[in-house]
Amino acid sequence: MHTPTLRRAALAAGLAAAVLAAPVDTPAYAFPEHRGPAPTAAPAGAVLSVTDGLARRLAGVLDDPATTRGVLAATADGPADLLAVPGLSGEARAANRRVLAAKGLPATAGSLLRLRWATPDMRAAATRGAVPLVAATPTDDALTSVTAYDRGARSVRLDAARIPARPVLLVEVDTGRALSAGLELMRGELARRGVTDTAAARAATTARTAAASGYWATKVDAVRLNDDKEPWLKGDAEVYSLVAGFGLDGKPTVDLVQMPYLDHDGTTYHPNQLLVHFSAYKYNLADVVMMEDDGDTNYKALVQAIVGALLVIVDGGVYQPLVSAILDAIPTSWYTDDPDYVDSWYTLSTASSGRLGGAAGNGWFDVSPYYVQPL
């Protein structure tokens, strides 16, 4: 699943409308020039450049029957770790190091590169002797064509809207592994910089509160993101939300909530997931920014941007929406040139109920109050 391309047109209007409609003040900053230097991030397309080069190289070695057999064996049960595919081990390791650097992740995150057939039936066709093409999974939802490579490493242009007759192998980032490593990095940095993840705050406060009387949360009964007619080669997405509010100490705080079930646009999911835990907040309000890792998210740059924006917000004794501060801090290209930004929701409260459309018009939640009973 990949987030809607229409967000690029709707973002500015949607956010402006949400801000105008919000019944609370805009954030107060500690000083006028509240944002420091922009965080250093990898150049746009850095990950795709690596995976495209690796796709070309793999295509060139598929004329070796042993390599082809190795690829077929490695992908027999689904996507395969590219570092374990024969014929590319040295180059794949070097490429993986570049991908880790581009995503702001440490070497301990391990292998992020994988090999996948574009559709499940393509491996069977290759087993019967069909010669596969190799391509890198792009991050752009609006592309009209895809560059693949044949066994001579020659480029072949494919229609992004039409499944080709030949089987296609895709070189891509394992976004599930990347997201897990990225959220771990972000949680550590948030705690280190004092923008405490509310998961940590709950460990100290929720147990005490719940033991006495329980607490209120916001439950996601259903969620749907708009269908953007994504290209045939796109795989499942990895979606997560930044839930932001003011902690019990009056400082901005962020909870990182993974949403692994959101695989496809145009599909309604019923997760019954608790999204906001109000026991860790000073006010009866919180904001949500939904993000997606399409393969190119730089987690180090993202968390540095968020921390830089939130640390200077002053609690003025009344709730201030934090969505705008977070979006202002995120590099513009992350929600205009690629699909990292999905949508945002302002001022969820313990009374929030029913269908809530996102500010950018890219999706909706059905939510209801949920009381977490003490044990």
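- Looking at Asp293 and Thr175, their side chains never bring a donor and an acceptor atom within 3.5 Å of each other.
- In summary, the aromatic rings of Trp216 and Tyr370 are positioned with their centroids too far apart to meet the 6.0 Å limit.
- The closest donor-acceptor contact from the side chain of Thr75 to the backbone of Ala80 lies at 3.5 Å or more, if one exists at all.
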Indicate every side-chain donor-acceptor pair of residues 353-360 with a distance under 3.5 Å to a residue at least two apart or in another chain.
residue: Arg355; atom: NE; partner: Asp366; partner atom: OD1; Å: 2.8
residue: Arg355; atom: NH2; partner: Asp366; partner atom: OD2; Å: 3.0

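- When side chains are defined from C-beta on, Thr119 counts as touching Ile163, because their heavy atoms get closer than 4.5 Å.
- By the 30° and 60° cut-offs, the orientation of the rings of Phe246 relative to Tyr283 is perpendicular.
- Ring geometry for Tyr261 against Tyr269 counts as tilted: the plane angle lies between 30° and 60°, on a 0 to 90° scale.
- To the nearest 0.5 angstrom, Glu189 atom CD is 8.5 Å from Lys300 atom NZ.
- Taken to the nearest 0.5 Å, the CD atom of Glu172 stands 8.0 Å off from the CG atom of Asp174.
- The side-chain contact (heavy atoms from CB on, under 4.5 Å) test with Ser344 singles out one residue from Leu327, Val288, Asn362, Leu322, and that residue is Leu327.
- In terms of heavy atoms, Ala126 sits closest to Trp117 at CB-CH2, 3.5 Å.
- For Thr147 and Arg157, the side-chain atoms include at least one donor-acceptor pair closer than 3.5 Å.
- You'll find the side chain of Val243 stays beyond 4.5 Å of the side chain of Val254, heavy atoms only.
- The salt bridge (Lys or Arg N to Asp or Glu O under 4.0 Å) search around Glu184 returns none, not counting sequence neighbours.
- Few gaps surround NZ on Lys282; more than 12 heavy atoms of other groups in view lie less than 6.0 Å from it.
- Among all heavy-atom pairs drawn from Ala217 and Leu274, the shortest one is CB-CD2, 4.2 Å.
- The side-chain heavy atoms of Arg114 and Asp81, taken from C-beta on, include no pair separated by under 4.5 Å.
- Listed for the Asp255 side chain is no donor-acceptor partner under 3.5 Å among the backbone atoms of Leu242.
- Residues Val239 and Met291 are not in side-chain contact: their nearest non-hydrogen atoms beyond the backbone lie 4.5 Å or more apart.
- Of the possible donor and acceptor atoms, none in the side chain of Lys219 sits under 3.5 Å from a partner among the backbone N and O of Pro369.
- In this structure a side-chain-to-backbone donor-acceptor pair under 3.5 Å is missing from Thr267 to Asp263.
- For the pair Ala153 and Arg56, the tightest heavy-atom approach, listed with the atom from each and the gap, is O-NH1, 3.2 Å.
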| request: Please test Thr253 against Tyr281 for side chain to side chain donor-acceptor pair (under 3.5 Å), starting from the C-alpha separation and ending with a verdict. | output: CA-CA 8 Å; Thr253 185; Tyr281 292 122; over 6 Å; no

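- In terms of heavy atoms, Pro106 sits closest to Leu185 at CD-CD1, 3.8 Å.
- Residue pairs that meet the salt bridge (charged side-chain N to carboxylate O under 4.0 Å, His left out) test with at least one member in residues 118-127, sequence neighbours left out, do not exist here.
- To the nearest 0.5 Å, the span separating OG1 on Thr347 from CD on Gln320 amounts to 13.0 Å.
- Side chains of Arg116 and Leu169 form no contact here, defined as non-hydrogen atoms less than 4.5 Å apart.
- When all heavy atoms are compared, the tightest approach of Ile313 to Ala325 is CD1-CB, 3.7 Å.
- Side chains of Asn284 and Ser349: no donor on one and acceptor on the other come within 3.5 Å.
- Nearest heavy atoms, Leu48 versus Pro138: CD1-CA, 4.0 Å.
- Taking CG of Asp287 as the reference point, atom OG of Ser241 lies at 12.0 Å (rounded to 0.5 Å).
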| task | Tell me, with the steps shown, if Met259 and Tyr240 meet side chain to side chain contact (heavy atoms under 4.5 Å, CB included). | result | CA-CA 5 Å; Met259 311 181 90; Tyr240 60 103; 5.6 Å; no

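- A heavy-atom distance below 4.5 Å is found between the side chains of Asn272 and Asp221.
- Separation of atoms CG (Leu158) and OG (Ser145) is listed at 8.5 Å; rounding is to 0.5 Å.
- In terms of modelled atom types and a separation under 3.5 Å, the side chain of Gln273 and the main chain of Ala222 share no donor-acceptor contact.
- The structure places CG of Leu58 at 11.0 Å from CZ of Arg151, a figure rounded to the nearest 0.5 Å.
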